[in-house]
Amino acid sequence: MPPLRPREFAAAVLRGQGQVTFLPSVAAGGVFCLALTAAGWEYGLYGLAGTAVGTGAARLLGADRDRVSLGLEGFNACLTALGLAAVLGPRHLSTALLALAGCGVVTVVTGAAGHLLGPLGLPSLTLPFCLTVSATAAAAPGFRRIWHQGETLAAPPRPATGPTGLGPDDLARGFLSGFAEIFLAPQWHVGALLLLGLLVASRRAAAVACLGNAAGMATAWALGAPAAGIADGTAGYNAVLVALALCGGFLPARAATLAYALVGAAVATAAGPAVAALLAPSGGPVFTWPFVLTTLVFLAAATSFPRLGAHRRGAGPAEG
Amino acid sequence: MPPLRPREFAAAVLRGQGQVTFLPSVAAGGVFCLALTAAGWEYGLYGLAGTAVGTGAARLLGADRDRVSLGLEGFNACLTALGLAAVLGPRHLSTALLALAGCGVVTVVTGAAGHLLGPLGLPSLTLPFCLTVSATAAAAPGFRRIWHQGETLAAPPRPATGPTGLGPDDLARGFLSGFAEIFLAPQWHVGALLLLGLLVASRRAAAVACLGNAAGMATAWALGAPAAGIADGTAGYNAVLVALALCGGFLPARAATLAYALVGAAVATAAGPAVAALLAPSGGPVFTWPFVLTTLVFLAAATSFPRLGAHRRGAGPAEG
Amino acid sequence: MPPLRPREFAAAVLRGQGQVTFLPSVAAGGVFCLALTAAGWEYGLYGLAGTAVGTGAARLLGADRDRVSLGLEGFNACLTALGLAAVLGPRHLSTALLALAGCGVVTVVTGAAGHLLGPLGLPSLTLPFCLTVSATAAAAPGFRRIWHQGETLAAPPRPATGPTGLGPDDLARGFLSGFAEIFLAPQWHVGALLLLGLLVASRRAAAVACLGNAAGMATAWALGAPAAGIADGTAGYNAVLVALALCGGFLPARAATLAYALVGAAVATAAGPAVAALLAPSGGPVFTWPFVLTTLVFLAAATSFPRLGAHRRGAGPAEG
């Protein structure tokens, strides 16, 4: 097999950035790259370098050329680099070296996840990222050269406190930050740029993402989540990803799957504090676990419900 | 496919109540319904409405008609409604609405569990209930409109304390309460009614259940469980379910499988505090996790041991 | 099928001891037996009796004769008996009886693991041991007749403290203790005997094990693990097992798999504190979970990477 030429490789890397939202779009990947840089030049660099290292490692190990070209070997590495930067601090040399190693390891984990989930007709989504970075975050305080924060993050789960009433400002900030949190960034203006990237790639995907975000925020409000946790985007990012995956990503986009996707978005939002409670005593952040677990359940169940148009292996744009 | 007529639907709902003990029996389901009402009219209502909503949701989503008729789409929803009532308090409107939603979600989880476990020849048992209600219980303190208890249930696991000697009164109460705890009720008289329901449906199943209960209680006593934890039925309910599943439920009823089932009942009893220790720091009750995990292991292993008459897909009354 | 004659049974038991390091070697098993006795006569007895009970139980339940002869039904029972002795104290009658029961149960768990992992082309490694002993360790404080230590082992995970500089003495002790910790023993001289056993069985395996151990120790040092945790062998034992499994055990021994195995050894070392942090709040020791999880991921991924010579079912000496 001939190697990828530099231009093909660059396109694969940008598509890899786009695949974080299941869109193999060079343009979206470019805008996402700008958005990350707006969150801080280190994050832009970590994201881009992570995608490149993951894409290159997969090619070196002999992974399928089509998967590499579509960016499917890049997006978990992108998130892994960003996740390690967020958890360990981006400006330590130790973090940069660990992110380099992590992008190689997540490529192996992606191969394993494909081997286990493929025969079930399920995609591996961001499971490799979640596994790799959750494990590293839990392990990090045990290693003095990579952990620079003193105490661990471990703490018993706490009940919600604070007011639940939402003002228009909370709503707007929460809505935009929900897009930013997909890439682990908290800033609303980063989210605005990410939404722009979605719009550039596919107006339908952008609309589905907005509906998913709204469904997540509405669920969180209805259940009584504290307003602070809605305004910072925490309540929406898993919902956005679930909606994208279940309506257009891995199931065909139609009315029935949109309804199914919005139920999934609500479930993922409710599942968020459950994942937080399970990981809190060990000191692990939530990342996109609620999205991964909810989507796998809803995709596995979809084969039992004929009205959803089932999902065939390889169906949907993200799986080529 | 023609829809279920009202009378068929009612029979499916009662069979769904019976399927909590793997018996697709209208009569047993009716008696179980009475028993739940004896625990409190709210519990009777939650159980019956839960089964009905689950059965209806499965039918709406287009699940297999035979599965629906046999009650296989109802029992996890029954337990989900009861579990949410027990954890969140039955008399809050928020609990009733959440139980309604939960019965829909558990139907999706049941579809997913069937997709994943079916190819391995394994039934999903009460796994969908355990997943759904454990996740909700862990998440609930993060939402102020559904959690009305102040603190979370999270606490470090504690070593057993208190006397281990059992009087005849403890034994009798523990034995009957072991049946009641299957439906998350603590009262011994509810357990007596549930045992009556088992007897009505199948004298063999009732005998197996009694033996499983006794095996569980004997194991707990031998290992040194505190007497209070035996007298309240905690030591027996998983053992009852394991015995029913492994002898007559999913393996043929014969001497070899009875022995295997009683070993399984003992293992599930020993596993109870392990599940409790794993979930305690996050604040989750044990539910029927020990039964589910033990039975899946013993069923998966049974194919390797020819003397048990293997288990074929669809074997046993519960899988039709 | 004719039963195993006494001499065949004895050989199967010794091979079972050897299979802890994936070597179906009677000689290695004999040396391992001596090494355990050097750690304390009780440990020698628990290990040998455990292997014998597991091997016998598998034969009684009708497990495949070839698997039994190769010792594949013995090594998880060996480790289960040793693990229970280490956690509960070897000199209590309750521990001996529980170990006897545990060796029967782990045989069932091994059957289940084979049923679930076999179709994926994955071996069950020491997963049955880890599951059985982790569950028992978590449950034990709930039972007064088997737990003689008062408090539970549960505690929040703590950040690493203490110096990270290593002297030659630390390196030598850590290297040898890394072999001993495979059998849950901390003494360096036990590790020296175990290394001798590896050498007797296969010089190549011994070399791979030494390289894996060195890779693990180097990783732990580079990440900043406290010197005390390297000098006691904790940093090396998972790495040894990963290297043995991935280079010669379940993948062919060649340059590419050696490199892959050493990456795996490094990953398992980094994963150690992650497993510790996850289990600490419930009170469970780490055992060989990091090895099991890392190796399953690397083996599952290997099928995607043609340069590694893939792994076919039944490939490698350990699967005969």
Work out which heavy atom in [X] is nearest to a heavy atom in [Y]; give both atom names and the distance.
X: B:Pro281; Y: A:Pro281; result: O-CG, 3.6 Å
X: A:Leu120; Y: B:His115; result: O-NE2, 2.9 Å
X: A:Pro226; Y: B:Gly142; result: CD-O, 3.8 Å
X: B:Ala135; Y: A:Ala274; result: O-CB, 3.2 Å

Please classify the contact of [X] with chain B as side chain, backbone, both or neither, using a heavy-atom distance under 4.5 Å.
X: A:Ala280; result: neither
X: A:Val297; result: both
X: A:Thr269; result: backbone
X: A:Ala276; result: neither

Between atom CG of B:Leu60 and atom CZ of A:Phe305, what is the distance when rounded to the nearest 0.5 Å?
10.5 Å
What's the spacing between B:Leu116 CG and A:Leu296 CG if we round to 0.5 Å?
8.5 Å
At a heavy-atom distance under 4.5 Å, which candidate from A:Gly264, A:Ser304, A:Gly229 has the highest pair count against chain B?
A:Ser304
Top residue by heavy-atom pair count (under 4.5 Å) with chain B, among A:Ala270, A:Ala225, A:Gly224?
A:Gly224
Show the atom names and distances, to 0.1 Å, of all donor-acceptor pairs under 3.5 Å that link a side chain in residues 78-86 of chain B to residues at least two apart or in another chain.
from    : atom 1 : to      : atom 2 : distance (Å)
B:Thr80 : OG1    : B:Asn76 : O      : 2.7

Using a 4.5 angstrom heavy-atom cutoff, name the option from B:Ala101, B:Ala112, B:Gly111, B:Ser134 with the most pairs to chain A.
B:Ala112
I need the contact set between residues 156-168 of chain A and chain B: heavy-atom distance under 4.5 Å, sorted by residue number.
A:Pro157, A:Arg158, A:Pro159, A:Ala160, A:Thr161, A:Gly162, A:Pro163, A:Thr164
Beyond-backbone contact of B:Leu98 with A:Leu223, side-chain heavy atoms, under 4.5 angstrom
yes
Per-residue contact mode, B:Val105 against chain A (heavy atom under 4.5 angstrom):
side chain
Chain A contact via B:Leu97 - side chain, backbone, both or neither, heavy atoms under 4.5 Å:
neither
